[in-house]
Amino acid sequence: MVFIQRNKSGELIVLSALFTLIMLSVVVYWPALSGSFLLDDLLHFTHLRDAGAVVDSRSFLDWIFKETNTPGRFLGYMSFLIDDHAWPTDPGKFKYTNLMIHLLNGVLVFALARVFLSLGKFQVNPDFAALTVAALWILHPLQISTVMYVIQRLTLLSSSFVLIGLVLYLYGRASLETKPKNSLILMSVGIGGAGIISLCIKEIGVNVLIYALVLEAVLVARGLNSGFLVFKIWKSIFLILPLVIIAIYFVLGPTNLLEGYNQRDFTLEERLMTQSRVLFDYLGSIVFPRLSELTLYHDDYLISRSLLDPFSTLVSSACLMLAIIIGVVYLKKFPLIFFSVFWFLGGHILESSFIPLEIYFEHRNYVPMLGIQLVLVIFAFYLAKRAPWIVNGTLVLMVMLLVFLSYSNAKVWGNHNLLANIWIKEHPTSTRAIYEMVNVSIRSGRSEDAIKYLRSISELYPYRLSAYLFEELYFHCRGYGDSQVTDELILKAKITRLDKGIFSSVRLLGDKVLRGRCESLSAEKYISLVQSLISNKHYQGYKKGLSFLYEANARMYTKLGDLDQTMKHMDLAFSVLPRYELPVQQATLLMSAGLFGDAQRYLNIASDTPPLNKLSLFEKRISVSRTQEALNWMVENNGVDTNM
């Protein structure tokens with residue numbers, strides 16, 4: 001491929017510059033490696049704790065397939081075992097691996113930009129323009145949260161294979177006319193092979209199709225041959241058809257997808273309107289990064305209740321539509337406008353559209369920001385021909401500014417207490433920021449401060465019961481405060497609005513009661529509290545949560561030695577959300593009670609119940625078969641016929 005060939009001295013300069021960039025990035029990110037697990041890190045890694053340690057096939061399958069509400073992220077979860085296989089563990093190891101993946105992605109961004117600039121015949125030096133793009137992308141402070149938020153390994157690794165797929169696609173596209181067979185194989189491996197791997201890490205892997213179509217449209221607009229018939233057939237099969245199938249799937253397939261809005265305090269329409277503002281906020285953070293805006297905690301983001309509430313919703317929606325129209329209409333005349341608009345929006349198509357996800361997360365810009373940065377660099381290099389010293393000096397200053405901002409942000413991420421204190425000042429109404437300060441205050445022995453922060457949640461969001469449960473969990477269980485708050489909780493639980501934060505609190509509180517570590521809360525009072533939540537109309541539509549609550553009460557009845565109520569509540573949990581794990585647990589309980597016939601009946605139910613995640617089928621077979629073996633052994637040794 002002649003268009004990317006360079007002389008040896010030129011290649012050496014480029015590789016040396018790229019190596020220097022990588023080393024600089026290591027220095028910039030290094031202070032953040034001493035940080036802690038945050039937010040969903042703890043939620044997901046408790047599954048590693050539940051497995052005890054990944055030491056055999058059963059615990060391995062239990063770990064990688066634990067997320068039953070996802071179609072398959074097993075490759076992403078497997079990658080965490082590179083760092084550790086047990087809990088508790090050191091977050092620094094996980095963060096270091098994340099950093100190495102990010103640096104690899106930076107090299108892939110350089111390769112992608114270099115090939116694209118050469119193939120598109122843009123009037124810039126592809127080597128130094130690609131280096132500039134890679135520098136802006138790797139060192140951008142917005143990337144810190146993606147790299148140092150451990151669970152976003154899924155975003156990092158999925159993006160790796162998206163970038164690999166796009167690089168292979170462009171390399172194949174470059175030699176399509178001279179070596180058509182090899183080119184089609186290379187593009188098939190890139191889009192098909194790397195794309196599928198990316199999809200098995202995180203759903204954003206589907207974006208490789210959108211990015212490839214955007215690249216193709218721009219390159220054709222820049223004069224690249226649109227290809228012969230076989231290539232057009234290939235493009236229809238590998239790029240267009242999968243997107244059509246995915247679109248049909250979302251329209252006709254997951255009938256329960258929109259049920260997720262039952263768990264949110266916004267509707268589908270409100271989310272779509274809000275995202276128009278969010279996208280422009282993302283854009284502002286990319287072009288004009290400010291440390292005060294960089295945080296994980298955006299749960300206090302203002303929801304758009306209508307196009308005029310707030311008024312910026314109407315403005316952002318109109319600007320968004322205008323940008324799309326201009327991009328399409330002026331594709332041939334100004335292809336870079338099309339590229340920046342559709343690369344950025346295409347990268348957000350899953351996480352910033354109709355799916356009932358949370359409103360705002362910085363990691364969603366990980367690859368989408370590349371489209372904005374690449375276009376800005378091309379324009380800067382165009383301008384450099386007229387005012388080279390001014391433009392080049394500005395680019396150098398911009399890189400230096402990013403280094404300063406990212407290094408400062410990394411130091412904050414490396415100090416958990418400092419991080420919590422800064423984020424609570426920047427987002428005083430964020431419940432997550434407040435909970436983080438509660439935890440920091442407790443670890444520092446400042447109980448009064450922790451109570452103050454908890455009370456602030458109750459004042460800001462009186463319908464969120466999780467704040468009261470935190471108070472019960474951390475203080476009343478230790479003998480602090482008025483134990484009568486439990487009666488208030490039971491009454492409030494009947495009318496409180498749905499709060500997803502409640503479930504982790506219910507579980508933690510239940511664990512303390514089961515271990516006898518909560519003097520102010522009896523097992524009976526705990527059952528009454530959970531039963532109030534079950535009877536709450538706001539919780540009735542959330543099947544996963546409702547099933548969890550029934551199971552929580554079943555655990556408490558087990559502690560009280562009431563087998564009938566235990567079985568009843570586990571039956572109710574199963575009726576709401578059929579999971580094979582429940583009848584397996586019931587069979588085990590019945591076996592210990594000598595009720596072998598009933599145990600066999602529940603094992604048969606478990607055998608007939610498909611796992612929520614089809615990838616867990618093997619894990620289910622192991623669980624059922626081992627329980628069956630134990631039951632058979634007990635039957636043989638007790639001389640009982642389970643068919644009676």
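Reckoned from all heavy atoms, side chains included, excluding hydrogens, waters and symmetry mates.
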[atom1] ([X]) with more than 12 external heavy atoms under 6.0 Å:
X: L241; atom1: CG; answer: yes
X: Y330; atom1: OH; answer: no
X: F311; atom1: CZ; answer: no
X: K181; atom1: NZ; answer: no
X: K93; atom1: NZ; answer: yes
X: M400; atom1: CE; answer: no
X: F381; atom1: CZ; answer: yes
X: Y96; atom1: OH; answer: no

Side-chain donor or acceptor of [X] paired with backbone N/O of [Y] under 3.5 Å:
X: S118; Y: V115; value: no
X: K95; Y: W30; value: no
X: R277; Y: P310; value: no
X: S183; Y: S175; value: yes
X: S317; Y: L314; value: no
X: E362; Y: Q143; value: no

Centroid-centroid distance, Y360 to Y282, less than 6.0 Å: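 That pair passes the under 6.0 Å test.
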Exercise answer: donor-acceptor pairs, residues 340-349 side-chain atoms, under 3.5 Å, sequence neighbours excluded:
| from | atom 1 | to | atom 2 | distance (Å) |
| --- | --- | --- | --- | --- |
| S340 | OG | L336 | O | 3.3 |
| S340 | OG | I337 | O | 3.0 |
| W343 | NE1 | V367 | O | 3.1 |
| H348 | ND1 | S352 | OG | 3.3 |
| H348 | NE2 | N365 | OD1 | 3.1 |

Within the 4.5 Å heavy-atom criterion, are [X] and [Y] side-chain neighbours or not?
X: L139; Y: L21; value: yes
X: W423; Y: E436; value: no
X: I151; Y: F37; value: no
X: L170; Y: L219; value: yes
X: L186; Y: N182; value: no
X: L38; Y: H416; value: yes
X: W413; Y: S145; value: yes
X: S306; Y: T313; value: no

Please say which of R432, R364, R271 ends up in a salt bridge (charged side-chain N to carboxylate O under 4.0 Å, His left out) with E358.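 With E358 as partner, R432, R364, R271 yield a single salt bridge (charged side-chain N to carboxylate O under 4.0 Å, His left out), made by R432.
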Under the criterion ring pair (Phe, Tyr, Trp, His ring centres under 6.0 Å), I'd like the reasoning laid out for F116 against F339: C-alpha separation, chi angles, the key distance, then a yes or no. CA-CA 12 Å; F116 175 69; F339 178 81; 5.1 Å; yes
So, taking the atom named CG in L213 and the one named CD1 in I210, what distance separates them when rounded to the nearest 0.5 Å? 8.0 Å
Which value, rounded to the nearest 0.5 Å, describes the distance between W137 atom CH2 and L108 atom CG?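 So the CH2 of W137 and the CG of L108 are separated by 8.5 Å.
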Is it the case that the side chains of E216 and Y169 hold a donor-acceptor pair, with the cut-off being a distance below 3.5 Å and no angle test?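 The criterion, which ignores hydrogens and geometry beyond distance, is satisfied for E216 and Y169.
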Contacts table for residues 98-107: side-chain donor-acceptor under 3.5 angstrom, sequence neighbours left out:
| from | atom 1 | to | atom 2 | distance (Å) |
| --- | --- | --- | --- | --- |
| N98 | OD1 | R153 | NE | 2.4 |
| N98 | OD1 | R153 | NH2 | 3.2 |
| N98 | ND2 | V147 | O | 3.0 |
| N98 | ND2 | V150 | O | 3.4 |
| H102 | ND1 | Y366 | OH | 2.7 |
| H102 | NE2 | Y29 | OH | 3.1 |
| H102 | NE2 | I138 | O | 3.1 |
| N105 | OD1 | S160 | OG | 2.5 |
| N105 | ND2 | L156 | O | 3.1 |
| N105 | ND2 | S160 | OG | 3.4 |
| N105 | ND2 | Y366 | OH | 3.0 |

With a distance cut-off below 6.0 Å to the six-membered ring centre and an angular limit of 45° from the axis, does R173 pair with F231 as a cation-pi contact? yes
Among I204, L296, L154, T146, which one satisfies side chain to side chain contact (heavy atoms under 4.5 Å, CB included) with H363?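 Only one option passes, and that is T146.
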With sequence neighbours excluded, residues passing salt bridge (charged side-chain N to carboxylate O under 4.0 Å, His left out) with R386: none
Parallel, tilted or perpendicular, as decided by the 30° and 60° cut-offs, for the rings of F80 and F94: tilted
